[in-house]
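These figures come from a predicted structure and were not determined experimentally. Just so it is clear, the values below take in all heavy atoms, side chains as well, and ignore hydrogens, waters and symmetry mates.
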Amino acid sequence: MKTRSPQPLLTGLMWAQQGTTPGTPKLRHTCEQGDGVGPYGWEFHDGVSFGRQHIQDGALRLTTEFVKRPGGQHGGDWSWRVTVEPQASVQEIPLPSMAATMSSGPPIQDFPC
């Protein structure tokens with residue numbers, strides 16, 4: 001996620017469901033049409049200081065929430081919450097692994113893989 005600010009906050013989230021299939025779990029860091037994730041999207045946001053999105057990935061529903069509290073020396077403080085909820089009543093719930101990054105420095109240029 002990147003806000004529409006002159007010095008935007010840039011965040012990222014990666015997750016993988018462990019125990020769903022044998023072998024290496026599929027590491028996800030984007031939601032694209034046709035990749036088996038969905039539905040996904042923003043429930044609400046203002047593009048600058050708050051937002052909530054939902055991502056359905058198999059039996060898991062990930063919810064990310066962002067809010068900025070104004071003030072301080074750098075324009076405000078950010079809070080970010082990630083919630084994972086099982087959506088199926090199964091004996092074993094896949095355990096997600098997550099990694100996150102946050103940056104409020106100069107804009108980062110995207111490089112193709």
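- R52 meets the salt bridge (Lys or Arg N to Asp or Glu O under 4.0 Å) test with E43, E65; sequence neighbours excluded.
- Between the side chain of D57 and the backbone N or O of L60, no donor-acceptor pair lies under 3.5 Å.
- Side-chain contact between V82 and W15: absent, with no pair of heavy atoms (C-beta onward) separated by less than 4.5 Å.
- Nearest heavy atom pair, residue V48 against residue W78, reads O-CH2, 3.3 Å.
- Classified by interplanar angle (parallel below 30°, tilted 30° to 60°, perpendicular above 60°), the ring pair W42/F66 is tilted.
- Cluster membership for F50 and L13, using ILVMFWY side-chain heavy atoms within less than 4.5 angstrom, is not shared.
- How far CD of Q56 is from SG of C31: 10.5 Å, rounded to the nearest 0.5 Å.
- Residues R28 and D35 have side chains in contact (heavy-atom distance under 4.5 Å, counting atoms from C-beta outward).
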